[in-house]
Amino acid sequence: MSKNYEKLSETYYNRLAKKFDRSFDGFLSGFFKRYILKNLELPEHANVLDVGSATGCLLKMLASKYQFEGIGLDISSQMTEIAQKQYPEFSFVTGSAMQLPFEGQSFDVLICSASFHHFPNPETFLREAERVLKPGGKLVIAEIRMPIFHGLYNQYIHRFSKEGDVKVYTFDELMRLLETADFVLIKGRKHLQIQYFEAYKKA
């Protein structure tokens with residue numbers, strides 16, 4: 001029987017939400033958020049969507065450098081509730097990355113920080129990202145990089161993970177997924193356990 005990955009993610013992160021920022025998961029996610037903050041340049045007054053926004057910290061961090069309209073989406077209603085209380089200047093929505101609850105061509109930038117490995121169908125997410133981005137809009141993915149134990153780790157999460165982890169991708173796999181989805185790569189970088197991509201939707 002195949003796993004319902006979204007349900008596993010929802011259950012796990014609902015349970016973790018109140019202590020997420022102080023948890024090991026929250027600690028690890030901080031590396032990805034800081035890397036995005038350091039590398040991403042936002043256009044002025046952009047509409048930004050953070051998919052897998054958890055408690056909303058990334059939008060707050062980006063607001064220290066840029067002025068923009070921010071929306072966070074997370075599968076966990078507990079996460080979005082906490083995020084909305086902590087950062088009322090942004091909007092937070094509970095929903096699936098497989099079916100983004102937004103109008104087409106709504107966003108200038110869509111960010112996915114350490115969440116891509118939770119998506120049951122990455123092609124579906126990328127089609128949705130393409131749909132909600134404006135022509136020329138930017139997709140940003142910061143994702144786990146595991147160059148040595150990649151195969152073993154994927155075997156482990158397939159058998160044992162209760163957190164909704166689906167698969168950790170190689171750099172080349174992520175490049176191919178972006179190209180197949182018709183995104184144009186701007187940046188592709190490897191940094192320790194992080195792989196980072198910026199790509200834009202064709203105008």
Is the [X] to [Y] ring centre distance short of 6.0 Å?
X: H117; Y: Y169; result: no
X: Y35; Y: F32; result: no
X: F68; Y: F90; result: yes
X: F197; Y: F171; result: yes
X: H118; Y: Y13; result: yes

Got [X] and [Y] here, is their nearest side-chain heavy-atom distance under 4.5 Å?
X: L133; Y: K138; value: no
X: N121; Y: M98; value: yes
X: L174; Y: R176; value: no
X: K202; Y: P135; value: no

Have a look at E198 and tell me which of V140, I36, L178 forms a side chain to side chain contact (heavy atoms under 4.5 Å, CB included) with it.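 Result: among V140, I36, L178, V140 is the only option passing the side chain to side chain contact (heavy atoms under 4.5 Å, CB included) with E198.
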Which pair of heavy atoms, one from [X] and one from [Y], lies closest together, and at what distance?
X: S64; Y: L37; value: OG-CD1, 4.4 Å
X: L40; Y: Y66; value: O-OH, 3.1 Å
X: E130; Y: A181; value: CG-O, 4.5 Å
X: A83; Y: A54; value: CB-O, 3.7 Å
X: G70; Y: L59; value: C-CD1, 4.1 Å
X: A97; Y: F125; value: O-CD1, 3.6 Å

Give the intermediate values and the outcome of side chain to side chain contact (heavy atoms under 4.5 Å, CB included) for residues V48 and F107. CA-CA 6 Å; V48 177; F107 298 99; 5.9 Å; no
Do you reckon [X] sits in the same ILVMFWY cluster as [Y], going by side-chain contacts under 4.5 Å, direct or chained?
X: F27; Y: I144; result: yes
X: M146; Y: I141; result: no
X: F116; Y: V51; result: yes
X: M61; Y: I194; result: yes
X: L49; Y: L42; result: no

With rounding to the nearest 0.5 Å, note down the distance linking CD1 in I71 to OG in S53.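 These two atoms lie 10.5 Å from each other.
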Nearest 0.5 angstrom please: F92 CZ to L73 CG, how far?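 Going from the CZ atom of F92 to the CG atom of L73 covers 10.5 Å.
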If the threshold is 4.0 Å, N to carboxylate O, is there a salt bridge linking [X] and [Y]?
X: R127; Y: E123; result: no
X: E10; Y: K7; result: yes
X: K167; Y: E173; result: yes
X: K60; Y: E89; result: yes

Donor-acceptor contact below 3.5 Å, side chain [X] vs main chain [Y]:
X: T80; Y: S77; result: yes
X: D108; Y: G137; result: no
X: E128; Y: L100; result: yes
X: S106; Y: E103; result: yes
X: Q193; Y: R145; result: yes
X: N154; Y: V168; result: yes
X: K201; Y: G136; result: no
X: S29; Y: G26; result: yes

Within 6.0 angstrom of K65 NZ, more than 12 heavy atoms from elsewhere: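 Counting neighbours around NZ of K65, more than 12 heavy atoms of other residues, nucleotides or ligands fall under 6.0 Å, so yes.
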Heavy-atom count check: over 12 atoms from other residues, nucleotides or ligands less than 6.0 Å from K187 NZ?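 Above 12, so yes.
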In terms of side-chain heavy atoms, does S76 have a donor or acceptor partner in N14 at a distance below 3.5 Å?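 Judged by distance alone, the side chains do pair up.
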Between T55 and D21, is there a side-chain donor-acceptor contact under 3.5 Å, judged purely by atom types and distance?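 Yes, because at least one side-chain N or O of D21 sits under 3.5 Å from a partner of the opposite role on T55.
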Tell me, with the steps shown, if Y12 and D25 meet side chain to side chain donor-acceptor pair (under 3.5 Å). CA-CA 11 Å; Y12 178 77; D25 290 50; 3.3 Å; yes
